[in-house]
Amino acid sequence: MARRPTPPLSFDADLAALPPALRWREWMGRVEAVIFAAAEPVSREVLARVVGPACNLDLLIDDIRAELKGRPYELVAVAGGWQHRTRKGFAEAIRVATGQGGRDPRPLSNADALVLMGIACLQPITRGELGRFFGREVSRDTVGHLRRLGFIAAGPRAPQPGAPHTYVTTKAFLTHYGLDTLRDLPDLEALEDAGLLGTDRLLAGDIPPGLPVGEGDDEADRDGLDEGDEDG
């Protein structure tokens, strides 16, 4: 386990010598700087290292967000932390200027999106259980692709014969779709608006045909993980 960084002894988190208004402004600057410099969402624990114990981080974040109104980027709660993100209205400008931002760098097929939705809503769930949910086998290729994208990972083993591995979504899934926790998962209509799936695809059962449900499940579940996966 990586050791938690220890602030230098000279670092003054409390800023007790400053007047309250100046202290608050300095804390705001520190928190925003840490979030801006991070490639991943920054947790409350990390931010607490640069402010005093008297600082209410939620109020501080609210003040930073208020100052960013009208700016082309915003501060969002995602994957249990906070992250700067460009506002959606500027995606086209970014695409024109850089060739990026206009399309998802990790596009999902209809089948991938449906399986990811099933795992997100029903986790922890085995591949066999996913097949029974959709009424047809979910292929190893689909599950393996979602793992390679980093959207899902192996969960605890299921209390079933052969103790197959279950699958769960990851922090990368939350980050990619702008969710703070799994409780923020939207309903089917909102998922469709976000491009994650279409209700018409769900009703059509847009999963590539495989074995009839029940055939081959035992063998697939005994394997535990897809080809190339390892425990942990």
Side-chain angles (χ1 to χ4, degrees), residues 40-41 76-81 83 88 103-232:
E40 301 291 335
V76 298
V78 60
Q83 187 176 48
K88 294 180 179 179
R103 60 182 62 182
D104 191 339
R106 293 183 287 181
L108 297 179
S109 68
N110 295 349
D112 295 337
L114 285 168
V115 171
L116 181 58
M117 179 275 295
I119 294 172
C121 295
L122 303 171
Q123 63 185 301
I125 187 170
T126 67
R127 189 162 66 91
E129 289 170 335
L130 280 170
R132 289 186 283 276
F133 173 74
F134 287 113
R136 64 187 70 183
E137 182 194 32
V138 172
S139 75
R140 288 175 173 274
D141 289 342
T142 297
V143 173
H145 180 55
L146 293 174
R147 281 180 62 86
R148 287 189 294 273
L149 290 176
F151 290 150
I152 66 171
R157 291 186 180 273
Q160 301 171 8
H165 272 280
T166 59
Y167 293 99
V168 296
T169 52
T170 63
K171 184 176 180 180
F173 165 78
L174 295 175
T175 300
H176 186 76
Y177 290 105
L179 303 172
D180 189 16
T181 71
L182 290 174
R183 292 190 296 272
D184 296 328
L185 278 171
D187 56 25
L188 292 180
E189 182 177 355
L191 286 172
E192 183 175 7
D193 291 341
L196 182 58
L197 64 87
T199 52
D200 56 332
R201 300 171 189 167
L202 178 61
L203 293 175
D206 197 0
I207 303 285
L211 294 172
V213 172
E215 294 187 22
D217 284 354
D218 291 342
E219 179 180 355
D221 286 349
R222 281 199 301 271
D223 291 341
L225 295 174
D226 292 311
E227 185 177 355
D229 295 338
E230 298 179 357
D231 289 345

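- Pairing each heavy atom of D184 with each of L179, the nearest pair is O-CD2, 3.5 Å.
- When all heavy atoms of I119 and L130 are compared, the pair lying nearest together is CG1-CD1, 3.6 Å.
- Checking Q123 against T169 by side-chain atom types alone, a donor-acceptor pair falls below 3.5 Å.
- Under the rule for a side-chain contact (heavy atoms from CB on, under 4.5 Å), the partners of P156 that lie at least two apart in sequence or sit in another chain are P124, T166.
- Going from atom OG1 of T170 over to atom NE2 of H176 covers 10.5 Å, rounded to the nearest 0.5 Å.
- Under the 4.5 Å side-chain criterion, counting only non-hydrogen atoms from C-beta, L174 is in contact with L182.
- At distances below 3.5 Å, not a single donor-acceptor pair connects side-chain atoms of T175 with backbone N or O atoms of A79.
- Between Q160 and T126 there is a side-chain heavy-atom pair separated by less than 4.5 Å.
- Here the CZ atom belonging to F133 is positioned 5.0 Å from the CE atom belonging to M117, to the nearest 0.5 angstrom.
- The aromatic rings of F151 and F173 sit perpendicular to each other, their planes meeting at more than 60°, with 30° as the lower class boundary.
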Working for side chain to side chain contact (heavy atoms under 4.5 Å, CB included), residues L116 and Y177: CA-CA 12 Å; L116 181 58; Y177 290 105; 4.0 Å; yes
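- Residue A154 comes nearest to H165 through the heavy atom pair CB-ND1, 3.9 Å, listed as atom of the first residue, atom of the second, then distance.
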Derivation of the side chain to side chain contact (heavy atoms under 4.5 Å, CB included) call for L108 and L146: CA-CA 9 Å; L108 297 179; L146 293 174; 4.0 Å; yes
